[in-house]
Structure formats: C-alpha cells, structure tokens
Amino acid sequence: MSRDPDQLKNIVEGALLAAGQPLTLDQLLGLFLDEERPSRTEIRAALDALIADCESRGVELVEVSSGFRYQVKTAMAPWVSRLWEEKPAKYSRAVLETLALIAYRQPVTRGEIEEVRGVSVSSHIMKSLLEREWVRVIGHRDVPGKPALYGTTRLFLDYFNLKNLSDLPDLADIRSIETIERELDFDEADGDDSRAKALAEEPEQIQVAMPKEATETAVQEPQH
Amino acid sequence: MSRDPDQLKNIVEGALLAAGQPLTLDQLLGLFLDEERPSRTEIRAALDALIADCESRGVELVEVSSGFRYQVKTAMAPWVSRLWEEKPAKYSRAVLETLALIAYRQPVTRGEIEEVRGVSVSSHIMKSLLEREWVRVIGHRDVPGKPALYGTTRLFLDYFNLKNLSDLPDLADIRSIETIERELDFDEADGDDSRAKALAEEPEQIQVAMPKEATETAVQEPQH
Amino acid sequence: MPTASETVPQQGEMPFAKVRGEEITQLPLDLYIPPDALEVFLDAFEGPLDLLLYLIRRQNLEILDIPIAEITRQYIEYIELMRDMRLELAAEYLVMAAMLAEIKSRMLLPRSAESEEEEGDPRAELIRRLQEYERYKQAAEEIDTLPRLGRDTFEARAKAPDMKVARTELHVDLKDLLLALKDVLVRSDRFTSHQIQREALSVRERMSNVLGAVNADSFTEFTTLFEAKEGRMGVVVTFLAVLELIKESLIELIQSEPFGPIYVKARHDVQRS
C-alpha cells in the first residue's frame, strides 16, 4: 500500500514512545491492518530515519535484545537522574562477578561459578539475580544432584543496553607463560583510566579500592 | 552560566521523556545545580523550541495542568491503540453455561442459575456478560434481598442470528446433543459465522419451537 | 560508555579505604593494618583468589611470574593477622593458605628433570586459577561500566493518546453455548422437574418483554401489553406471560373499581440496563 513515509515514521515513533518498552519489528508490523501493512523494509527504513533524527537530540532510538526502544542519551544522565531521589541500585562485586560468570559461561552451574571465584556463591545473590530476571534456570546438568544450569535473559541484555551476548565486552585472554615473556617489555603506562574513574565514582560500593600501583597494573589489561 | 542552548533543550527533552509524567517548570529547574541553573526564560525558550520540533512528528509536547508532557498525537491513536488490544481468548465454560441458562430460563436470578449449575456464579462472569450487552437486568424478584432478574438482549439474538428466543433449539433436543449436531450440521467444516447463518436461514431444520403464527408474532417484539 | 567525568573527585589519589570516615589513601608499607580497617579490608576481597591477586598486583608482579615463597609469606601473614583479630574467616582462605604452603614446599624440593617434565610447574594450577578469576573479575568491572537503565540511560515514554482500546470481542459459537447447556443439564436434574417446553420458552421471552415494559413507579394499562395484530396466539402468549409473572410475584395487577381499567405494575423497581 502506498503511504506517506512520514506517517509511517510518526506511527512507529508514537508506538515506541507510548509502549515504554522495546517493540520488535513484528510488533510494529502488528499495528497495521492487513490491507495497510507496510513491508519489513519500509518499517526498517522508518526506524533508520528515526534513528538519524535523534542525532542532535536528547534521546536516541536503539535496538536492544527485545526490540527497539527510545532512551535518554547517557550524556543527559547527570541531570535526568535528579528526577528521582533514590540513587540507582549499586551491585556488589560478588553480584557482578557472579553475573559476569553466568553471562560469559552460560549455561553454568553454581558449583562452576564457585570454582572460578574461589568462594561460595550465597543463595542470596542467586535469588536476587533471579528476582531481577537477569538470570534464569535454563536446565539441569545431568550429573548427580542435577544442579541447575543458569543463563542470562533478554531483560539482562536490555538492561545493559546490549542487543545480544556477543555485544558483551571481550573477555581478557588467558596467557601462557611463553606469551607473557614477550609481552612483559610491552606497554607499561597507557592504560585507560575509565576503570579507575568508575572505581572512584563508587567509593562507597567498593569500600577498599586497589592502591594506586595495583590499579595501574590492572589497567594494562583488556585491549579492546 | 553560559550554556549551549542545544544541551539545555536535550536535557529538558530527556527529562520529560524519562519522567513518564508531566513536569513543571520548577521541576525542570530543579534538575540543575545552583551554579549551572538556567533562567526560567531559558527553560521556557527550550520548551518552545521543543514544541516547534514536534510539528511533523508522531508526538507533541503540550502543557497540561500539572506541567509539560510529551504525548503521542491523537492521529496515531488507531495504530498505537493496537498495542493494547486484548488477545482473543475464549469464554470459559462457566460463562457459556451461565449465558445458556439465562437464555433458556429468563427472567432468572443469579441464585437460580447457581442452583442449576451446582456452583456459584462469580460476579466476574455476570459482569462480562453484562458488558458484552448480551444480558441485562430486567427487574428484581420481590423476595428478601431483591435479587436481580436477568434476561437476554436483542444483541444476544443478533449475535447468534436468532430472530427470537424460540429459535433456540428445544431443551429436550439438547439432551441428546447428537441430534442437534446432525440437525445443525455442526460437523461441517465451514466457519463459525456461516454456521450461525445456516442456523438462521434454515429455521425448519432447527425444529422451530413455536407454531408458525406464534413465531411471527414474536418477531415483532421486543421494543426496548 | 558513560563519561561522567564531572563526578570524578578531584584528588591526587583514590582512597583505598575509609576508616571511621577518614580516607586512607596509602596502604602502610609493611603489613601492618590498623585493626579497625581489617574488617573493612577483608570485606573488600571476594575471596582468597582476589586477595592473592591484590598481593601480586600491588607489587607490580605478573601472575605468571609470582614469587611463590614471598606471596605465600604475605598471604599467610594476613590470614594470621585476621585470625588473631578473631575475624570470621571463610574456610576458603584457609584452604588457599594450605595450597600455597604445599606449592611452596614442592618448589623447594629438589626435583629430577624427569619429574619436572611430568608434573610441570607446581604453580601452574594456581596461575591458571588466578588468571581465570581475574578475567571474570575484569569482566564484572566492565559490565558495571556498561550504560545501564536507570543509571546512565532511561527508557523514554510519552503518554499514549486517548483511545478506545478496541476490545476484541470473544467469539462464541451457538454450538458451544448449547454444549455448555447440555453439560449443565447432565449435571443437574432440576430441569427435569420443570422442563421448559417449546411454548414455555416463548412465554419466558414474553415475560422478559412484559417485565421490561412495566415499572414500579407508574401504572401500565393492561391492554397496552397486547397487540391485536399479533393474533390470537400472540395474545395468549402474552397473557400466559402475565400470569406467570404474577405467580412469580414479579408484577401485580391493580384494578381500582369494578370494570375499571386494569393496570400492571412491577412489584419492585425495575431496572433497565
């Protein structure tokens, strides 16, 4: 059906903003009756045009795991976050490490997480990750005790602005004794300080941060 | 403080879209720390610019009694509203039984329906039948509690393609549903509507209950 | 990536700990830690691997290069210190201490070239675990810096337009209705005692109509309930309906004088929907 491309754009924009949650291409197509339904290409073009329209605005249109959504650009966060008195939740290192292990190693059992972290994972942590619906039980390993296998959810990806798991930051390589010797006399100082900044932003979360020297060495790490 | 007017616009836009409710001028001013706070005139100018930006878009920025808010333009309503359309489901057995009893025993009270069904009839069931306008309260029985008497409506007859209640199959025949299936050609593969039509078009097949004259007179009826 | 550079405190060095509100920016060079800080210190570590990593990193050492004897000495001193403070120490810390001691002793023992080949570096397993842990520790830190909903970005929404949400009406088949009725009939014998006959059904419909036409507040003239053009049968049906309604105490007939007009009135206020 021939249609004013602006109208299509406006409908898509209106629907995404009214929904307040990500909408898939199929959900967008579902807004139209059969006889007026645009093609996927047309919807895609409308989305692309809307994405371009956001360039100089305070919001952006992004695709996350469960679809397309409008969100406030991170540059506005310092002001926009003042709308709420409550500070956004902070997650302990234990929670984040457990989450990282589930995200990168899924499907994974609690025992396997404990093995890597070298400490037991409290039930409290698993419970809060499950309650947030960032993590779910996706099966059971066929070994004695049938331990639950955990995996991450779409909500987890949505929450962290990811379209799929491959968007996660790369895991650092495991280096062998041989490679390290070659690397040892290689890049000393130019770490990114974003991590140091991140640490500094949340002093109360991390009560004790690394002493300066230690931080610097750690900074040399992941190259992405 | 001198500030990029675009940044101010973007902060205001981001805040209004993130808030999910109208924001007043004061609330918008409250997003800024003292030393960076714009004047009311500047905020007002940013709002005006944002309002102008919406001209050809799917949303508009309007001032309502409790402040400024973005809302989807009414022109988008036909499509956007489909986001909230209920998924077609089926009426429960309880609803159908209740409806059938009202059709055959009207005027009838809820207590009497319960007596026959042997289970209580939830308010939810009555509500959905009343909302569908298939059933209405036609009076109250003059006994303690003055229970409402229910009857079916014209819409009910129309929906099922019945000219009047006497077009409903006879109770005695329902006892042997096999007969009915034969008579109504229920086993035909064709769609539901056509079946209902077939019902209406072939009255002699459904064992018209009333003698001919009576049926005719009934047709002239209910003027409500 | 969020660039919230505005919020980074302007200071030369990050505090690594807060003790009674006082920021401590430098770890004492020796192993002494103010007793009050110990608990905080322990809390800061996510287990023995984390503590070991810290010990290694703070000396600018590579994991692959750990001087096992020295690290073991430091580790065990921390553990002893914590035990002296009677801090509740997770069993994992003690297990690690034992493991370190074991590696240390194996390193000290002279070994034949043969057995070295067979067993490899006694530190290998520890190194593997440290590296493995460190990469997830880093991944966790990076996940923490991802733009997060509610912290760095916010879902944008606008008020939906006023609209009539089209209620998709459920479809019902007459057949389903009849099947439902049949179920009731099968379940209940009540219908057998006063089974509704064909004519009765029509009378019932007429009862509804009559009831709909009268109310409790005003009188309706009896004769207006009948329509001559309905014919005899129609009149009879209406009459039966009226009688049935009277029997069920739903309406009453009122005649104020002999041979005067008969009025019909609902017994109770009739509500129309």
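By convention in this document, chain letters (A, B, ...) are assigned in the order of the sequence lines, proteins followed by strands, and residues within each chain are numbered from 1.
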Undergrad: Once rounded to the nearest 0.5 Å, what's the spacing between atom CD of C/E141 and atom CZ of A/R93?
TA: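 These two atoms lie 6.5 Å from each other.
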
Undergrad: Work out which heavy atom in A/A77 is nearest to a heavy atom in C/R151; give both atom names and the distance.
TA: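 Smallest interatomic distance, heavy atoms only, reads CB-O, 3.7 Å.
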
Undergrad: Search all heavy atoms of A/N161 against all heavy atoms of C/P147 and return the closest pair with its distance.
TA: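 It is ND2-O, 3.3 Å.
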
Undergrad: Specify the closest pair of heavy atoms between A/V119 and C/P48, including all atoms of both residues, with the distance to one decimal.
TA: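 For A/V119 versus C/P48, the nearest heavy atoms are CG1-CD, 3.7 Å.
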
Undergrad: Can you tell if the side chain of A/S120 reaches within under 4.5 Å of the side chain of C/E92, non-hydrogen atoms only?
TA: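 Yes. Closest side-chain heavy atoms under 4.5 Å.
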
Undergrad: Report which part of A/A15 has an atom under 4.5 Å of a heavy atom belonging to chain C: side chain, backbone, both, or neither.
TA: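 Neither part, no heavy atoms under 4.5 Å.
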
Undergrad: Please tell me if the side chains of C/L146 and A/Y159 come closer than 4.5 Å, counting only heavy atoms from C-beta onward.
TA: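 Sidechains of A/Y159 and C/L146: no contact.
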
Undergrad: Do the side chains of C/D50 and A/R117 get close enough for a salt bridge, i.e. N-O under 4.0 angstrom?
TA: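 No.
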
Undergrad: Starting at CG of A/L171, measure out to CD of C/E134 and round the result to the nearest 0.5 Å.
TA: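 One finds 12.0 Å between CG of A/L171 and CD of C/E134.
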
Undergrad: Pick from A/A100, A/P22, A/G58: which one has the most heavy-atom pairs with chain C under 4.5 Å?
TA: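 Winner by heavy-atom pair count: A/A100.
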
Undergrad: If the threshold is 4.0 Å, N to carboxylate O, is there a salt bridge linking A/E97 and C/K137?
TA: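 Not counted as a salt bridge, because no side-chain N and carboxylate O are separated by less than 4.0 Å.
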
Undergrad: What part of A/L168 is in contact with chain C, defined as an atom under 4.5 angstrom from a non-hydrogen atom: side chain, backbone, both or neither?
TA: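 Just its side chain gets close to chain C.
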
Undergrad: If you measure from CZ on C/R148 to OG1 on A/T74, what distance do you get to the nearest 0.5 Å?
TA: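 Between atom CZ of C/R148 and atom OG1 of A/T74 there are 13.5 Å.
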
Undergrad: Are side-chain heavy atoms of C/D144 and A/Y91 found at a separation under 4.5 Å?
TA: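 In short, these two side chains do not touch, never coming nearer than 4.5 Å.
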
Undergrad: Which atoms of A/V116 are under 4.5 Å from chain C, going by heavy atoms: the side chain, the backbone, both sets, or neither?
TA: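 For A/V116, heavy atoms of backbone and side chain both lie under 4.5 Å from chain C.
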
Undergrad: Do A/S81 and C/F154 have side chains that approach each other closer than 4.5 Å (heavy atoms only, starting at C-beta)?
TA: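 SC-SC contact between A/S81 and C/F154 confirmed.
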
Undergrad: Got a sec: does the CD of C/E70 have more than 12 other heavy atoms crowding it under 6.0 Å?
TA: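 It does: C/E70 CD has more than 12 such atoms within range.
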
Undergrad: Under 4.5 Å between any side-chain heavy atoms of A/Q71 and C/E155, yes or no?
TA: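 Not touching, per the 4.5 Å side-chain cut-off.
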
Undergrad: Less than 4.5 Å apart, any side-chain heavy atom of C/Y136 and any of A/L96?
TA: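 Side chain of C/Y136 against side chain of A/L96, heavy atoms only: no contact under 4.5 Å found.
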
Undergrad: Search all heavy atoms of A/R105 against all heavy atoms of C/E132 and return the closest pair with its distance.
TA: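 Smallest heavy-atom distance, with atoms named: NH1-OE2, 2.6 Å.
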
Undergrad: With a 4.5 Å heavy-atom cut-off, do A/L17 and C/R157 have their side chains touching?
TA: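 No, too far: nothing below the 4.5 Å cut-off.
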
